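Input: a single structure, listed below in structure tokens.
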Number of protein chains: 2
Amino acid sequence: MSLVNKSIYAILGILSIQPSTGYDIKRYSDKVLSGFWNENFGHIYPTLKKMIESGLIENVPGEVEDRKIKYAITEKGKGELKKWLSEEIQTPAVRSELMLKLLFGNDMSKEATIDMLSKQKDIHEENLIKYLTMQQELTCEGSQITAKRSVYYNAILRKGIINSAANIEWCEETIESLKKLKG
Amino acid sequence: MSLVNKSIYAILGILSIQPSTGYDIKRYSDKVLSGFWNENFGHIYPTLKKMIESGLIENVPGEVEDRKIKYAITEKGKGELKKWLSEEIQTPAVRSELMLKLLFGNDMSKEATIDMLSKQKDIHEENLIKYLTMQQELTCEGSQITAKRSVYYNAILRKGIINSAANIEWCEETIESLKKLKG
DNA sequence: GGTTTCATGTAACATGTTACATGATTCT
DNA sequence: AGAATCATGTAACATGTTACATGAAACC
């Protein structure tokens, strides 16, 4: 079992912002990275252990208070993060269940297909609102994010907004084209 | 090892169009499903075996000529396909390396970030052309796709087109916003 | 006092990719 | 004749999720 790759960079990145516990990392990916990156405990804790072993992170001394275990990025970890950042991004393999179902939509009733697309549209509309809200939170209060980072974070939110809008548009036009179909 | 789920529905769907060999299935996902769904041999062949065992597909009699093994969907398989089509789509977990790198873009030079985004833009531009070409091929010659299915297939291509365009737009605006940044 | 959230962790499972092995056929 | 494509398959690896177990602290 490797249980490493990909997650280690997310963890290194989060720890480069500030020292955190495993729980903090999970919370960060659920809230800040919501919709772009996900982590789960079954991955986080074993990965943290391996990263300690390889010297990419370390326990924060004096902070091992109650039952929390706080980690910080080391110089070696910072180097590893920078190295990864400069590497080419490999395009991920896509497996869209929606597209698959639509392609075999012949075997589905028109109504069921429209219903499926409506549900997708609802999801994207919810997401759009979520990203717009996050964007407002970013611009209003200074929050914990530094000004420089906020430019990057705003770009990420814009990506969510643009993609959600595109998906909504597509759902609508596809529903319309199906309604025009006879049978 | 299960080596089943998800792939079985792609296979059932493809076989519902016409009987095919494992190789045909791979080719179909590379060409027709390109960008929406991917399959690999390490998955296809073991899955086909399991599907034979569970009676979802069968060998096409008399067609086991040379070294090709052709499979066809059974009535049970058709039922399974329809059942899956009516099930709710679960939203897939997202892990976007690009977004992760952008979020930690603080640790990257501005130029490197812009370069990264340019490369992404190029990829999406290539994809856009690919989808537009596929759309033209669909409308010009009748190809092998039936008229009814072509409506669904066109919707899929439209999805690729709209998404590619949205991504290009986002790359451009993000590059611009970074260029305006000092430092 | 009970529920929710915080907090850490493991084991089993699910899923998917890559590398390798083999050999026929077709194209140049 | 040699290279590319067709064709099938396995084993090892890589990766990721879910369910379970445990218990403290905070909230209501």
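Worth saying up front: this structure is predicted, and the values here are computed from it rather than measured. Letters go in sequence order (proteins before strands), and every chain restarts at 1.
Between T21(B) and dT8(D), a side-chain N or O to OP1/OP2 separation shorter than 4.0 Å is present. Listed pair K49(A) / dT10(C) meets the phosphate criterion, a side-chain N or O lying under 4.0 Å from OP1 or OP2. Contact between the side-chain N/O atoms of N38(A) and the OP1/OP2 oxygens of dT17(D) is found at a separation under 4.0 Å. Residue R95(B) places no side-chain N or O under 4.0 Å from the OP1 or OP2 atom of dT15(D).
Atom CD1 in I44(B) sits roughly 14 Å away from atom C1' in dC6(D) (whole-Å rounding). Here the P atom of nucleotide dT22(D) and the CZ atom of F41(A) are 18 Å apart, to the nearest Å. I69(A) places its CD1 atom 17 Å from the P atom of dC6(C), with the value rounded to the nearest Å. Across the protein-nucleic acid pair, K26(A) atom NZ and dC6(C) atom C1' stand 13 Å apart, rounded to whole Å. One interatomic measurement links the two molecules: NZ of K6(A) to C1' of dT17(C), which rounds to 12 Å at whole-angstrom precision. Distance D24(B) CG to dG9(D) P: 13 Å, rounded to the nearest Å. Per the geometry, NE2 belonging to H43(B) stands 14 Å off C1' belonging to dT10(D), to the nearest Å. Y45(B) places its OH atom 12 Å from the C1' atom of dT10(D), with the value rounded to the nearest Å.
Under the 3.5 Å distance criterion, the side-chain polar atoms of W37(B) are left unmatched by any main-chain donor or acceptor of S7(B). In this structure a side-chain-to-backbone donor-acceptor pair under 3.5 Å is present from S16(B) to G13(B). When atom types are taken as modelled, the side chain of K179(A) and the backbone of I114(A) share no donor-acceptor pair closer than 3.5 angstrom. Listed for the K110(B) side chain is a donor-acceptor partner under 3.5 Å among the backbone atoms of L181(B).
A salt bridge does not link E53(B) to K50(B): none of the charged side-chain nitrogens sits closer than 4.0 Å to a carboxylate oxygen.
Computed from C1' positions of five pairs at each end, the angle between the two local axes of the helix from dG1(C)-dC28(D) to dT28(C)-dA1(D) equals 40°, rounded to 10 degrees.
The shortest distance between side-chain heavy atoms of L33(B) and L100(A) falls below 4.5 Å.
Judged by closest nucleotide on DNA chain D, R27(B) is the one of A93(B) and R27(B) placed further toward the 5' end.
Clustering ILVMFWY residues whenever any of their side-chain heavy atoms sit less than 4.5 angstrom apart, transitively, puts I89(A) in the very cluster that holds L81(A).
Of the residues listed (Q135(B), M134(B), K159(B)), the one engaging N154(B) in a side-chain contact (heavy atoms from CB on, under 4.5 Å) is Q135(B), and it is the only one.
Listed candidates were dT18(C), dT18(D), dT8(C). Nearest to the side chain of K68(A) is dT8(C). Checked against dT10(C), dG9(D), dT5(D), the side chain of Y71(B) finds its nearest nucleotide in dG9(D).
W84(B) is linked by a ring pair (Phe, Tyr, Trp, His ring centres under 6.0 Å) to Y9(B), counting only residues two or more places apart in sequence or in another chain.
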Shorter than 3.5 Å, N or O on both sides, protein versus nucleotides 20-23 of chain C: list them out with atom names.
unit_1	atom_1	unit_2	atom_2	d
dG23(C)	N2	R67(B)	NH1	3.4

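The closest side-chain donor-acceptor pair between T21(A) and D24(A) falls under 3.5 angstrom.
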